[in-house]
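One structure is given below, encoded as C-alpha cells.
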There are 2 protein chains.
Amino acid sequence: MSPPNTRETIIDAAMAIVREQGVNKLTLDAAAKVAKLSKGGVLYHFKSKDDLIRAMVQRMIDSCDALHLEYYAQEPEGPYRWARTVVRTAFDPRGPSGDPVGGALLAAVTVNPDLLAPIHAKFAEWIERVESDSPNPALAALVCMAMDGYVFERMLKLPLCNDESCERIKQQALELLK
Amino acid sequence: MSPPNTRETIIDAAMAIVREQGVNKLTLDAAAKVAKLSKGGVLYHFKSKDDLIRAMVQRMIDSCDALHLEYYAQEPEGPYRWARTVVRTAFDPRGPSGDPVGGALLAAVTVNPDLLAPIHAKFAEWIERVESDSPNPALAALVCMAMDGYVFERMLKLPLCNDESCERIKQQALELLK
DNA sequence: TTTACTATACCGACCGGACGGTATATGGCA
DNA sequence: TGCCATATACCGTCCGGTCGGTATAGTAAA
C-alpha cells in the first residue's frame, strides 16, 4: 500500500475529509495537512481546487465502471442483467455508497456544479445500458433509482436500515429483477 | 401571494438561490438582494446563517408533512397506504423534489451537517410509519428509497427521465404497492 | 416614544491562488 | 570522474477577495 505517486494520496485525503468532517471542511490547506504536505505541494499536483474535485469525480466514475464490469461478468445472462449489476455495485463498499468514494459528488455540487458534467454523461450511459436489456424499463429504472437513494441516504447519513435490513432490501431488489 | 411577513420571503429567496445558482452562491448578501432588502434586514430576522438554513429545513419538513396528510387522506385504505402516500408526495411538485423545497438539504449538509438533525428525526418517523402498514417492509423500503433517489437526482440535476417516463416509473411504484 | 424593521459601514477570519525559493535526481559532456 | 544544466517535487509566504457577523444609525407606524 505504499503510495507511489502523491496525487492519489491527495485524492484519498480529500475524500476522507469530506467523509469525516463534511464538505465545508474541504480546503486545500486541510487536504494538504492530511496528505502530509503543504498547500503549495497540493497546488503543484492540481492546478486549482476545481481540478482536485474533478479528479475526485473521475475516480468515482472509474471505480463504478470497474465494479460494473466485475459484477456484470459474474452475473448470469438473461433479462435485467445490467440492472442487477447496478444493484450489486451500489451495495459494494468499494462503490459509490462506500467510504472511499461518494463524497466526490457532494464536493462537486457544492463547489462548482459544472464539475458534475462527467457524472451527467456517465449517468446517461448507464441508464441507456440498463434499459437496453430490461423487459420492463420502468421497473429497472425504479430499482436503479432506489440505488441512488441508497447512495444519497449514506451521503446525508440518514437513518437507513441496519446491515441486516439493507441486505433484505438488496435481496428484494434482485428479486424484482428476475 | 402577498408576503405577509418578511421571514417567508427571505426563505423563498434562499431556496431560489440554491436552486438556480447553486449552494455556494447562497450568502446572506445574495439572499438579501433577492428578497429585496439589506443584509442587516436578513440578520434581523435570522440571527445567523445557520438559523436561516434551519428555517429552510423546517419548511421542507412541514411541506412534506402537509403533503403526507393530504395524500394519505385521499389514498384508499389497505396495505401499503403510507408507502403509496410517500410515492405521491415525492412526485408532487410542491414536495421535496420540487422547485420550492429540496435545496434545503443541500444547504444544510454543506454549511453545517448538524443542521440535518431535524431531518434525521423526521426520517426515522416516516420510515416507521411506512413499515407499520406494509406487509413486505423490504419492498416498501425499496420503493421509498427510490423516492429518495428521485429527489437526489433532481438535486444533482442528473439526466433523469422525461416527464412521461417519470410518470411510468411512478405508476410502476404504485403498482408494486397494491 | 416605543416597537419593528431597515440600511450602512466595518471588522476579522478564512480561503484560493500566485510566487519565489529549495532539495533532490538525472543526464549529458569534457 | 567532476561539473554544469535541467526537470521534478515540494515548501513557506503573501495577497486579494469573500463572507459571516457586529455595531450603529435611521425610519415609519402605532
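Since this is a predicted model, take the numbers as computed values, not measurements. In the text below, chain A, chain B and the rest are named by the order of the sequence lines, each starting its count at 1.
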Are the charged groups of [X] and [Y] less than 4.0 angstrom apart, N to O?
X: B:Glu20; Y: B:Lys25; result: no
X: B:Glu75; Y: B:Arg81; result: no
X: A:Arg59; Y: A:Glu8; result: yes

Check whether any side-chain nitrogen or oxygen of [X] sits under 4.0 Å from OP1 or OP2 of [N], and answer yes or no.
X: B:His45; N: C:dT6; answer: yes
X: B:Thr6; N: C:dT6; answer: yes
X: A:Tyr44; N: D:dC10; answer: no

Does a side-chain heavy-atom distance below 4.5 Å link A:Val87 with A:Val143? yes

Has B:Asp163 got more than 12 heavy atoms of other residues, nucleotides or ligands less than 6.0 Å from its CG? no

Nucleotide [N], atom [atom2] - distance to [atom1] of [X] in whole Å:
X: A:Lys33; N: D:dC10; atom1: NZ; atom2: P; answer: 18 Å
X: A:Lys36; N: D:dA9; atom1: NZ; atom2: C1'; answer: 18 Å
X: B:Asp51; N: D:dG20; atom1: CG; atom2: C1'; answer: 13 Å

Sequence neighbours left out, cut at 3.5 Å: what donor-acceptor pairs do the side chains of residues 165-178 of chain B make with other protein atoms?
unit_1   : atom_1 : unit_2   : atom_2 : d
B:Glu167 : OE2    : B:Gln171 : NE2    : 2.8
B:Gln172 : OE1    : A:Asn136 : ND2    : 2.8

Item to complete: May I ask you to check whether A:Asp92 and A:Tyr71 show a side-chain donor-acceptor distance below 3.5 Å?
Response: yes

In numerical order, the residues of residues 109-117 of chain A whose heavy atoms come under 4.0 Å of DNA chain C are none

Across all chains, not counting sequence neighbours, the side-chain contact (heavy atoms from CB on, under 4.5 Å) partners of A:Asp62 are A:Gln58

5' to 3', nucleotides 12-22 of chain C under a 4.0 Å protein heavy-atom cut-off (B base, S sugar-phosphate only, - none) gives ---SBB-----

Donor-acceptor pairs under 3.5 angstrom involving side-chain atoms of residues 117-126 of chain A: please list them, not counting sequence neighbours.
unit_1   : atom_1 : unit_2   : atom_2 : d
A:His120 : NE2    : B:Leu156 : O      : 3.1
A:His120 : NE2    : B:Lys157 : O      : 3.2
A:Lys122 : NZ     : A:Asp65  : OD2    : 2.8
A:Lys122 : NZ     : A:Glu125 : OE1    : 3.4
A:Lys122 : NZ     : A:Glu125 : OE2    : 3.1
A:Trp126 : NE1    : A:Asp65  : OD1    : 3.2

Any N/O pairs under 3.5 Å between the protein and nucleotides 27-30 of chain D? List them or say none.
none

